Amino acid sequence: MPGHYLLLVTPDVTIPTAVDKATVAQVLRDISLLLQIQGESGFRVRAYDMAADRIAGLPQELGPLVAEGRLESLPGIGPALAEKISELVSTGRLGYLEELRAQFPPGLLELTQLPDVGPKKVATLWRELQVSSIEELERACREGRVRQLRGFGAKSEAKMLEGIALYRRARGERKLLGEVMPVATALLERVKAAPGVVRASLGGSVRRQAETVADVDIIASAPEAGPVLDALANAPGVAAVLGKGESKCSVRLEAGDLQVDLRVLPDEDFATALHHFTGSKAHHIRLRNLGQERGLKISEWGVHRDDGTKVPVTEESGLYALLDMQYVPPELREDNGEVEAAREGQLPKDLLTLEDVQGAVHAHSTWSDGRNSLEEMALAARALGLKYLTITEHSEAAIYAGGLKVDDLKRQWEEIDRINAAVSGVRLLKGIEVDILESGALDYADSVLEQLEVVIGSIHVRHGMDEDQMTRRLLAALDNPCLQILGHPTGRLINSREPYPVRMDEVLERAAERGVAVEVNGKPARLDIKAEYVRQAVERGVRLVVSCDAHQKEDLRNLAFAVATARRGWARKGDVLNTLPADRFVTALRERR
DNA sequence: GCCGTTTTCGGCCCGACTGTTTTCAGTCG
């Protein structure tokens, strides 16, 4: 995402106090780019990049670290960076960045967002042609001025024009994991079926189940790479082959301008290559350093001793064993403390899996705004091997979503009873997704809510309240003894709506005190609460449910993304209530404090 | 700019691919 800090570069504007982690990280990345354009060499630049990764991946909030002067306790952050970050967080501005930016025209940084255009090329284009914006670059390419520069040619011009068109369409937006996963899985199957393939796996942020992904990585082993690379290059839905060498092929798909990278290697290198291309970069660098301490050089080509001999590694677990660590599942590989925990044997041993989940939480039907009937939903849940499904329609206040009046709700119970009697192997639980009103009160009387087996409370309107008001609203809802599950607690929609402002630490603390479960909503655009909050919730002893927020039977598969989010937040089976059988699940929900 | 049972200097992860060259620079992951 291109970084524009109008507030930061306008000296006389008063800045609102809160500068979040993402902004700090982006500022550090911008500094790194500007230093590179300036010609500053490698290591100082990398220090800014590493610090940006560190801040972006921080499990806790930045404010307290700054206030208590503990920034320097973070690896990769020393006195100089700590001072700059403090200045940025406490004043909303950074003098150093402003000085740096003043040396260059404002559009220069955006140029680095184009594919195959980095700081060095930007510096040349600016120095030689005074190109300082995407529009100027486009004109220079069309007029054939770029090809006259040393190191550029006609092909560079054509590629840049293509890149500009692509950039304008995609706007650099990352895709939702839930949208990419079906495409990625289908391509993986195609690769697995290619001649000679021994093993194949997804890698990268898709395998780590990041909430958004920029591209798809596939790693495969085979004696001959050629036929496997061809299988991807010739796959249906491929719009263009971006590059193809002896071991690597990159394509762009028609659907969503998605890029897919495939690497093919001999099987003896599969495990280390898979590990390398799964990342994250930060996790990987930590492991390489640990390897160095033991005289082992770790690279995508395997593990080598200092004398050059190769240490055989056939599974990823073998790599961790060489470093005297527990195996780290891909979802945890973010350098967020998992390296330390794995060395001390402290990683959660019963991390939640999809197989642990016995019932799906949070489903709508044609009774409110869902597309399938109750019976269709029940049969679909059974087909997925689920033992129960909580039916939680919208309540009366959610008029836009066909919210149920109390009389409707009671008629629905009769239909649920009929289906439960007729359909074996799966049970529908009577529930509601009741609106949390502006005051924090719930949209039905206690006397109604008490008759239900599952009560999820969610906010659907009045997202514009300020942080104090919103926090009070949620705390009031948590204090209601009828509320069992807090639904999509931050209200965000990834890439389209910011979360409403709320002090999550207070909300999670209250949820723990009251014994209210918190939803990990698996709808791809929600993933709410996000992994970072899951981890805070788990540390506080908050009980969780993983949910699908289904509005049609296909959405039951969203459960997988809720599980992924929970895993990224280090949630164990025992932290998640819908790993229990139906009866015990219902009983557990009633255990309020 | 960070870091240190080789600590205040001299290291810092590393290889593939492309387009430009004719041995390499830049970008990417």
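Here the structure is a predicted model, which is why all the values come from computation and not from measurement. Proteins come first, then strands; the chains are lettered A, B, ... in the order of their sequence lines, and each starts at number 1. The basis for the numbers below is simple: all heavy atoms, side chains too, and nothing from hydrogens, waters or symmetry mates.
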Name the nucleic acid region contacted by A:Ser247, choosing base, sugar-phosphate or nothing; use a 4.0 angstrom heavy-atom cut-off, strictly under. sugar-phosphate
Establish, from distance only, whether the side-chain atoms of A:Gln259 and A:Asp261 form a donor-acceptor pair under 3.5 Å. yes
Identify whether NZ of Lys or CZ of Arg in A:Arg263 sits under 6.0 Å from the centre of the six-membered ring of A:Phe277 and within 45° of that ring's axis. yes
So what does A:Leu114 hit on the nucleic acid, given a heavy-atom distance under 4.0 Å: a base, only sugar-phosphate, or nothing? sugar-phosphate
Between C1' of B:dG26 and CD1 of A:Ile37, the distance in whole Å: 14 Å
Would you mind reading off the distance between A:Ile77 atom CD1 and B:dG1 atom P, rounded to a whole angstrom? 13 Å
Whichever of A:Lys155 and A:Cys249 has the more 5' nearest nucleotide on DNA chain B, that residue is A:Cys249
Could you give the distance separating B:dT8 and B:dG19 at their C1' atoms, to the nearest angstrom? 44 Å
Looking at A:Leu88, is its backbone amide N or carbonyl O close enough to the side chain of A:Thr91 to form a donor-acceptor pair, meaning the two atoms are under 3.5 Å apart? no
Pick the P atom in B:dT27 and in B:dT21, then give their distance to the nearest Å. 16 Å
Considering only side-chain heavy atoms of A:Gln292, which listed nucleotide, B:dC28, B:dC13, B:dC2, is closest? B:dC13
Residue A:Phe43, side-chain atoms from C-beta onward, closest of B:dC12, B:dA16, B:dT27: B:dC12
What's the CG-P distance between A:Asn289 and B:dC12, to the nearest Å? 10 Å
Indicate whether any N or O donor in one side chain lies under 3.5 Å from an N or O acceptor in the other, for A:Glu334 and A:His283. no
If the C1' atom of B:dC13 is compared with that of B:dC2, how far apart are they to the nearest Å? 16 Å
To the nearest angstrom, the CD1-C1' distance between A:Ile285 and B:dG15 comes to 14 Å
Classify the nucleic acid contact of A:Ser156 as base, sugar-phosphate or nothing, counting any heavy atom under 4.0 Å across all strands shown. sugar-phosphate
Under 4.0 Å from OP1 or OP2 of B:dA25: is there any side-chain N or O of A:Arg150 that close? no
Measure from the side-chain heavy atoms of A:Lys297 and tell me the nearest of B:dC13, B:dC14, B:dG1. B:dC14
Starting at atom CD of A:Glu128, determine the distance to atom P of B:dA25, rounded to an integer number of angstrom. 17 Å
Expressed in whole Å, how much space separates the C1' atoms belonging to B:dC17 and B:dT23? 16 Å
If you measure from the C1' atom in B:dT20 to the same atom in B:dA25, how many Å do you get, rounded? 9 Å
Could you check which of B:dC2, B:dT27, B:dC12 has an atom nearest any side-chain atom of A:Pro79? B:dC2
Between B:dT7 and B:dG1, how far apart are the two P atoms, rounded to whole Å? 24 Å
Answer yes or no: does a side-chain N or O of A:Lys84 lie under 4.0 Å from OP1 or OP2 of B:dG1? yes
Nearest to the side chain of A:Arg288 - B:dT27, B:dC14, B:dA16? B:dC14
Identify which nucleotide among B:dG29, B:dC12, B:dG1 has an atom closest to any side-chain atom of A:Asp215, counting heavy atoms from C-beta outward. B:dG29
Under a 3.5 Å threshold, yes or no: a donor from one side chain and an acceptor from the other, between A:Asp30 and A:Gln26? yes
By nearest-nucleotide position on DNA chain B, the 5'-leaning member of A:Tyr96 and A:Gly245 is A:Tyr96
Whole-angstrom distance between B:dT6 and B:dC12, as gauged at atom C1': 15 Å
Residue-phosphate contact under 4.0 Å: A:Arg44 side-chain N/O, B:dG1 OP1/OP2: yes
Roughly how many Å is it from CG in A:Leu242 to P in B:dG29, rounded to a whole number? 11 Å
Measure from the side-chain heavy atoms of A:Lys159 and tell me the nearest of B:dG19, B:dC28, B:dG1. B:dG19
Are a donor atom and an acceptor atom from the side chains of A:Asp20 and A:Thr23 found within less than 3.5 Å of each other? yes
Using both distances under 3.5 Å as the test, list the Watson-Crick or G-U wobble partner of B:dT8, or none. none
Please tell me which of the listed nucleotides, B:dC28, B:dG29, B:dG1, lies nearest to the side chain of A:Arg263? B:dG29
For A:Glu110 and A:Tyr167, which I'm curious about, is there any donor-acceptor pair between the side chains at under 3.5 Å? yes
I need the CZ-C1' distance between A:Phe277 and B:dG15, as an integer number of Å. 8 Å
Base, sugar-phosphate, or nothing: which does A:Ala154 touch, judged by heavy atoms less than 4.0 Å apart? sugar-phosphate
Rounded to whole angstrom units, what separation is found between the CG atom of A:Leu33 and the P atom of B:dC28? 10 Å
